[in-house]
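See structure below.
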Protein chains: 2
Amino acid sequence: MARELQHGATIWDVARRAGVSITTVSHSLNGKGNISQATRERVRAVAAEMGYVADAMARGLRSSKMNAIGLVFRSLDSLGNYGPNGVDVFMKLAGAAASETLNRNLGLMLVPDLSRGPLPPFSMSLDGYIVFAPHLDDPVVALLEKRGIPYVTWDRDPGRPDFRNWVAHNDAASTRTVLDHLAAAGARSIAYVGGTDRNAWNFDCEAAYVAWCLETGAEPRIYHVPERDGVEGGQEVGGRILADGLPGAVFCLTGRHASGAAQALQERGVRIPGDLLVCTGSDSEHSRQHKPPISALDVDIPAAAAALVQRLCEVMEGASEPEPVLLAARFLHRKSTSPVKGRTKPRPGS
Amino acid sequence: MARELQHGATIWDVARRAGVSITTVSHSLNGKGNISQATRERVRAVAAEMGYVADAMARGLRSSKMNAIGLVFRSLDSLGNYGPNGVDVFMKLAGAAASETLNRNLGLMLVPDLSRGPLPPFSMSLDGYIVFAPHLDDPVVALLEKRGIPYVTWDRDPGRPDFRNWVAHNDAASTRTVLDHLAAAGARSIAYVGGTDRNAWNFDCEAAYVAWCLETGAEPRIYHVPERDGVEGGQEVGGRILADGLPGAVFCLTGRHASGAAQALQERGVRIPGDLLVCTGSDSEHSRQHKPPISALDVDIPAAAAALVQRLCEVMEGASEPEPVLLAARFLHRKSTSPVKGRTKPRPGS
DNA sequence: GTACGGAACAAAAACGTTTTTGTGTAGCTG
DNA sequence: CAGCTACACAAAAACGTTTTTGTTCCGTAC
């Protein structure tokens, strides 16, 4: 009994103590089979009293369901660093996904990178995967595909237009929202600063920017900064932008680039929002804490996590692939893009 | 063959194709048993060609090793919110722990909260746990203890002085470092702002503060703000501190409180570091991005993760419990605690 | 020539479930 | 009362490994 109460209480122990067979125990606990209500309740009581929890591996082996899914951050992998400052989207998503999976009684496993090194022992047994921001020809996606493991992605897979199990923001619409907002706030020309990762976010936002310029007759000014360069990369591009002639506004996809660029420009005398509007496509501590706070597109993380897990569960249950899920990003209007009365001419540079 | 190459290649398939028994396959791949070198290599080649990976659950069932550990953030649980802004320690630690466990071919599972709701199916089968910041009489710790599941904690368990499998900063020493630094920078009186979670961090830092005051003859001024109140809580306590008379320095344990307090005080005309020095016990985006940047104690996250995983592995292998691991926090000296020449008298308040 | 021993492998048990199939009893029908 | 059904439960198979125990073959010692 002492033994039973601790670590290894098995279905046999419960059966013996309840005076029934293991079949009856299993059926009672899982609400299956044909068991009288009285027996069912008695067995449940005994199991609860013993603190019996079915061994996850035995159950998984039998039913070939692991009851856990994997989460892999491709963009973090490409950063080569699992603790980049200010990329708090990841933690939020991991946390939100964890509580979302818990609601469905699933576990969530963090899997750094499947494409290099020996495979973590569990990785190929998981029931499904959430792949965050797959890049072009992503080997992780290829592996999952080859193994026939269900997966969903955040952001579409840029190389596989036929794949539809993804959830993302409507990047084209969001980009337009930002650009329209900047134009309405008085910006004549708008520079665009994107990243260099070859993922859909970068592709789609840039395409939307180019299209918007075409429509409005604006001259596109596009800069690229590697994601991994972070705030320093933003500072550097700020210098380049100033050297090329100050535009009316800058739209930086990542919050760290926006913060760095704004900082570099402010240090050289550019007033924000007086001389220049700044906006970012990805809210973070950097944009919130900047002086002035930088307007941003914001991900509704819980909604994203919910949609991803929901879709993954559907896929795991073999649902026919419906349309991708498009979420709307919220636009957070902050001081950095407030129209200023009596707007002055840009002072430094051009 | 087509079947074998995809999802369900089992040890039988490998055995059949290699013309041996499953025993031989198992032994060959695991480097056990008495197998001729030639056979061993042939089997390995066949397995590799078929992309065979032993089923984690079958293996786990047999060897009662899950090859995965759980990570549970108690302080996040108490925040009731898995995406708190600026608490980036968590993501960093999760990421660092994930890559650390991967190096040992272990999986890392995120487990939100074991003490409420139905248990996640896997939680009781994991090989071990890392519990981040357990609080007093923590039910999660109690559960693990009852189940006999090995675990280590970040921060000691405040209610169990005999438990020694923990890794933490030397909070007493760190607190002294900060206070000495503030005093050396010219602060006569130093106010202390702690959290309300009943964990070792709060207890030990406050105790060290009190002891330091006793030694130096300073008058203790202690404030408490709930962790969950974040920046707003910091702003509120900033007002209280001002009302009670401006001290020479404020030491806020959490970065969000520090940022809020500094902000509230600055808005009321207090100059930092001119009139007041501010320092925090936990670096975050808030402290880094504040104007001026706030001095902080910084966790070496990769080192912490490495120590935790290392210790957990030792415990899982049944090592006799050695001493706890004490890491040194780095002190990041920033503008907010720079001595100012010709220090002025505090202006507002007292 | 029988006995012994080791090398190289195979057979079978075990891990703890879930699920399929079996079994016995009771009640009902004709 | 034979035969059928429904009910409540038990026995056994299966899941894919690892590990323990066998088995075969062959060389060598007595």
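When reading the values below, keep in mind they use all heavy atoms of this one structure, side chains included, and skip hydrogens, waters and symmetry mates. Since the model is a prediction, treat every value here as computed from it, not as a measurement. Sequence lines set the chain letters: A, B, ... in the order given, protein chains first and strands last, and positions in each chain run from 1.
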To the nearest 0.5 Å, atom CG of A:Leu71 lies from atom CE of B:Met109 at 11.5 Å
### Message
Need one value for B:Ser26: base, sugar-phosphate or nothing, where a base atom within 4.0 Å counts as base even if backbone is also close, heavy atoms only.
### Response
base
Interatomic distance, CG@A:Leu102 vs CZ@A:Arg104, rounded to 0.5 Å, equals 11.5 Å
Atom CE of B:Met124 and atom C1' of C:dT17 are separated, to the nearest Å, by 18 Å
With the side chain defined as heavy atoms from C-beta on, A:Thr23 is closest, among D:dA11, D:dC15, C:dT17, to D:dA11
Here the distance between atom C1' of C:dC15 and atom CD1 of A:Ile22, to the nearest Å, is 12 Å
*For C:dA10, take OP1 and OP2 only and decide whether either is under 4.0 Å from a side-chain N or O of B:Thr24.*
yes
Worksheet item: What about A:Thr39: does its side chain form a donor-acceptor pair under 3.5 Å with the base of D:dA8?
Response: no
Closest non-hydrogen contact found for A:Asp157 with A:Pro134 is CA-CG, 4.1 Å
Rounded to whole Å, the NE2-C1' distance (A:His27 to C:dT19) equals 6 Å
Ranking B:Gln37 and B:Ala58 by the position along DNA chain C of their nearest nucleotide, the one closer to 5' is B:Gln37
In numerical order, the residues of residues 28-35 of chain B whose heavy atoms come under 4.0 Å of DNA chain C are B:Asn34, B:Ile35
Output for pair (A:Met57 CE, B:Arg62 CZ), nearest 0.5 Å, gives 13.0 Å
Quick note, B:Leu61 side chain, CB onward, closest among D:dT17, D:dG16, D:dA10 is D:dG16
Hey, does A:Ser64 reach any base, or is it just sugar-phosphate, or nothing, if we go heavy atoms under 4.0 Å? nothing
Whole-Å distance, A:Arg16 CZ to C:dT17 P, equals 13 Å
Between A:Ser21 and A:Thr24, does any side-chain donor sit less than 3.5 Å from a side-chain acceptor? yes
Computed from five pairs at either end and rounded to 10 degrees, the angle between the axes of the helix from C:dG1-D:dC30 to C:dG30-D:dC1 is 80°
dist A:Ile130:CD1 -> A:Leu93:CG (nearest 0.5 Å) comes out at 7.0 Å
Margin query: What I want to check is whether an N or O donor and acceptor connect the side chain of A:Arg62 with the base of C:dT17 at under 3.5 Å.
Written below: no
Rounded to whole Å, the CH2-P distance (A:Trp12 to C:dT18) equals 14 Å
From CA spacing to verdict: side chain to side chain contact (heavy atoms under 4.5 Å, CB included), A:Asn67, B:Phe122
CA-CA 8 Å; A:Asn67 287 320; B:Phe122 262 86; 4.3 Å; yes
note: A:Met57, atom CE; D:dT18, atom P; distance rounded to Å ~ 13 Å
task = Just say parallel, tilted or perpendicular for the rings of A:Trp154 and A:Phe132, cut-offs at 30° and 60°.
result = parallel
Any A:Thr10 side-chain N or O less than 4.0 Å from OP1/OP2 of C:dT17:
yes
Side chain to side chain contact (heavy atoms under 4.5 Å, CB included) with B:Val20: of B:Val14, B:Ile35, B:Thr39, only one passes, and it is B:Thr39
Contact class for A:Ser36 vs. all strands (heavy atom < 4.0 Å): base, sugar-phosphate, or nothing?
-> sugar-phosphate
From CZ of A:Arg59 across to P of D:dC15 the rounded distance in Å is 19 Å
note: B:Ile11, atom CD1; C:dA11, atom P; distance rounded to Å ~ 14 Å
Residue pairs passing the salt bridge (Lys or Arg N to Asp or Glu O under 4.0 Å) test with at least one member in residues 128-140 of chain A, sequence neighbours excluded, are A:Arg74-A:Asp138
